[in-house]
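What you see is a predicted model, and the numbers here were worked out from it, not measured in a lab.
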Amino acid sequence: MITVDGINLNCSGIAALAYGETSVRLADEARSRAARSFEHAVQVSAERAVYGRSTGVGANRDIAIDDANAHALALLRSHATSAGPLRSPERVRAMLAVRLNQLAAGGSGAAPELLDGLVVMLAADALPPVREVGSIGTGDLPALAVTILSLLGEVRTSTALLAPVACDPKDAMPVINSNAATIGDAALAHASLAVLSRSAITVAALTFAAVDGNPEAFAEVVEQVTPFSGAREVCRSMRRLIPSIPAPTRIQDPLGLRSMPQVHGAFIDALSHLDDVVCRMANAPSENPALLPGHGVAHHGGFYAAYLAQALDTTVSAAAQSAQLAMARVSMLTEPGFTGLAPFLGAGAAGASGVMACEYVAASALGSLRALAMPTAVQTVTLSRGVEEDASFASHGARQALTAVDDYRTVLACELVAAVRAVRLRGARVDDLFDDLTMEMADRDLTADIAAAARLLPKLADIPQRTRIA
């Protein structure tokens, strides 16, 4: 069980909750912290205008409202507007976990009963119907508005809640001013890409064995000339995995192997930065306005997710560069000059196609990944009569990162199919872990092989802590 305290939620915890691997409880102190913020909000709202509680929102920010509850309920209904397909249960659970933790950090002014409701919603797996389109990186307003309407009993959840949440709508309004859905998506993308980034090193080590690579590219001195933690991790992992070669075949390998510390290492470092940004945002009360007891009220732009948008763009770009090296290694494996085997690792009849089609599949996935690497943070838009004149579009960056997971996985799976085949054709014994990949070498449809390799990749993530794979 994960205890949500508003302080310690991380990407792995978000993923565990999203995939139903653990349950959640709310720390007593966290609920008390939220209650203090709620009491502070009530007090401050009686003394001065507070955005969204005693005024309208957006361009209506200077318009005082008469009936706070009626206005807030109308606002929730209008801001639930969205479009597109429904999001997966995993993504909705990730959003709920993030939003619960942010509220537990205190500062939103939301009623503590709303936190209780989110706990019940997660425990019952009673998920609100969150659609894909509507966020622009300045608050996931539609996703969170429909969530609060679900808690209030206005919108049906995937399974029935025992009872609606007992609170005034005006106390629910602060909950929607967050990027929780985007942060949740980013956490899930990070969790998947981090596993694949480790798997990629194992796959590259197999390719290294198949082409008699030069280990100098991963020597200790390379750690000194590329002084970054990701590059050092690649060097050390490859040294543990690759065989010792007294006399390398080539003075230097193509960039697909030789530049792994510099390129794949940058991907690892980008993931580390994304992890840091997601964790900070998931544990921060970034609502506008901020209602922290002892600090009055502050109207601000903390909902503008520029840090997250830039971290996501960098991560997807780095994934694309890493995949480009993997694609180059697939091409190496089809070339007799590197493997000493038939072209395309064909076996049997002359002119056999072998893994030729894998190269095409990898290129297709790489093309999609490159398109996803186009930055989202440089987009802009002007809304609400000009008072909201920019947006981070982090929500789009997070969706691109989630899609990038599939494309990156496909490129690695294609390399794995080719690398294992090459090592076997050369008469070497590979680790028993690769027994899931068939030893059949005749020309055939390799779709099932690529799928099996994709399923195997997570199992390869921790192999760099071992020694030798072939």
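In this structure, the side chains of Arg93 and Met121 stay at 4.5 Å or more apart for every pair of heavy atoms. Residues His273 and Gln310 fail the side-chain proximity criterion, which asks for heavy atoms closer than 4.5 Å. Residues Val57 and Met173 have side chains in contact (heavy-atom distance under 4.5 Å, counting atoms from C-beta outward). Within the 4.5 Å cutoff, the side chain of Leu193 has heavy atoms near those of the Phe267 side chain. Residues Ser150 and Pro129 meet the side-chain proximity criterion, which asks for heavy atoms closer than 4.5 Å. Counting only heavy atoms from C-beta outward, the side chains of Arg99 and Thr147 never approach each other to under 4.5 Å. Looking only at side-chain heavy atoms (C-beta outward), Thr403 and Arg399 stay at 4.5 Å or farther from each other. In this structure, the side chains of Val4 and Leu115 stay at 4.5 Å or more apart for every pair of heavy atoms.
Of the possible polar contacts, none joining the Arg131 side chain to the Ala83 backbone as a donor-acceptor pair under 3.5 Å is found. Asp140 contributes a side-chain N or O that, together with a main-chain N or O of Thr182, makes up a donor-acceptor pair within less than 3.5 Å. Distance alone, capped at 3.5 Å, places no donor-acceptor pair between the Ser317 side chain and the Asp313 backbone. In this structure, the side chain of Arg53 engages the main chain of Gly109 through a donor-acceptor pair within 3.5 Å. Put simply, the side chain of Tyr304 gets close to the backbone of Ala391: a donor and an acceptor are under 3.5 Å apart. For the pair Ser108 (side chain) and Pro174 (backbone), a donor-acceptor distance under 3.5 Å is absent. Here the side chain of Asn69 pairs no donor or acceptor atom with the backbone of Asp168 at under 3.5 angstrom. Between the side chain of Thr334 and the backbone N or O of Ser331, at least one donor-acceptor pair lies under 3.5 Å. For Asp5 (side chain) and Ile7 (main-chain N/O), a donor-acceptor pair under 3.5 Å exists by modelled atom type. A donor-acceptor pair is defined here as one N or O able to donate and one able to accept, closer than 3.5 Å; such a pair exists between the side chain of Thr157 and the backbone of Thr159.
Summarising the geometry of Ser178 relative to Ala180, their closest heavy-atom pair is OG-N, 3.0 Å, with the distance given to 0.1 Å. Considering every non-hydrogen atom in both Ala419 and Leu333, the closest pair reads N-CD1, 3.6 Å. Of all heavy-atom pairs spanning Ala186 and Leu312, the tightest one is CB-CD2, 3.9 Å. The heavy-atom pair separating Ser135 from Pro142 by the smallest distance is OG-CD, 4.2 Å. In terms of heavy-atom proximity, Asn177 sits nearest to Asn288 at ND2-O, 2.6 Å. Contact detail for Gln262 and Thr226: the closest heavy-atom pair is NE2-OG1, 3.0 Å.
In this structure, His396 NE2 and Leu372 CG are separated by 13.0 Å, a value rounded to the nearest 0.5 Å. Note that the CZ atom of Phe228 and the CD1 atom of Ile268 stand 13.5 Å from one another [nearest 0.5 Å]. Taking OG of Ser395 as the start and CD of Gln400 as the end, the distance is 10.0 Å to the nearest 0.5 Å. Residue Ser45 holds its OG atom at 10.0 Å from CD of Gln43, rounded to the nearest 0.5 Å. Expressed to the nearest 0.5 Å, how far CZ of Arg409 lies from CD1 of Ile450 amounts to 13.5 Å. The structure places CG of Leu366 at 11.5 Å from CD of Glu359, a figure rounded to the nearest 0.5 Å.
Aromatic ring orientation, Phe303 versus His300: tilted (interplanar angle from 30° to 60°). Ring orientation note: the planes of Tyr408 and His264 are close to parallel, at an angle under 30° on the 30°/60° scale.
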* What's the verdict on side-chain contact (heavy atoms from CB on, under 4.5 Å) for Leu96 and Leu127, showing C-alpha distance, side-chain angles and the deciding distance? -> CA-CA 9 Å; Leu96 296 176; Leu127 306 180; 3.9 Å; yes

* Decide side-chain contact (heavy atoms from CB on, under 4.5 Å) for Thr376 and Ser392; before the verdict, give the C-alpha distance in whole Å, the side-chain angles of both, and the deciding distance to 0.1 Å. => CA-CA 8 Å; Thr376 58; Ser392 73; over 6 Å; no

* Show your working on side-chain contact (heavy atoms from CB on, under 4.5 Å) between Arg77 and Glu154 and close with a plain yes or no. => CA-CA 9 Å; Arg77 290 168 177 162; Glu154 282 213 0; 2.4 Å; yes

* Taking it one step at a time, do Arg329 and Thr207 satisfy side chain to side chain donor-acceptor pair (under 3.5 Å)? -> CA-CA 7 Å; Arg329 295 192 296 271; Thr207 298; 4.7 Å; no

* Asked: Run the side-chain contact (heavy atoms from CB on, under 4.5 Å) check on Asn179 and Leu308 step by step: do they pass?
  -> CA-CA 10 Å; Asn179 292 289; Leu308 185 56; 5.5 Å; no

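Side chains of Asp125 and Ser158: a donor-acceptor N/O pair is absent below 3.5 angstrom, by distance only. Between the side chains of Asn8 and Asn283, no donor N or O sits under 3.5 Å from an acceptor N or O.
Heavy-atom neighbours of Arg25 CZ from other residues, nucleotides or ligands within 6.0 Å: above the threshold of 12. Applying the 6.0 Å contact sphere to OH of Tyr307 captures no more than 12 heavy atoms from other residues, nucleotides or ligands.
We find that Asp407 and Arg370 are not joined by a salt bridge, their nearest charged nitrogen and carboxylate oxygen being 4.0 Å or further apart. Between Glu233 and Arg198 there is no salt bridge, since no side-chain N of the basic residue sits under 4.0 Å from a carboxylate O of the acidic one. In summary, Asp185 and Arg91 engage in a salt bridge, as defined by a charged side-chain N under 4.0 Å from a carboxylate O.
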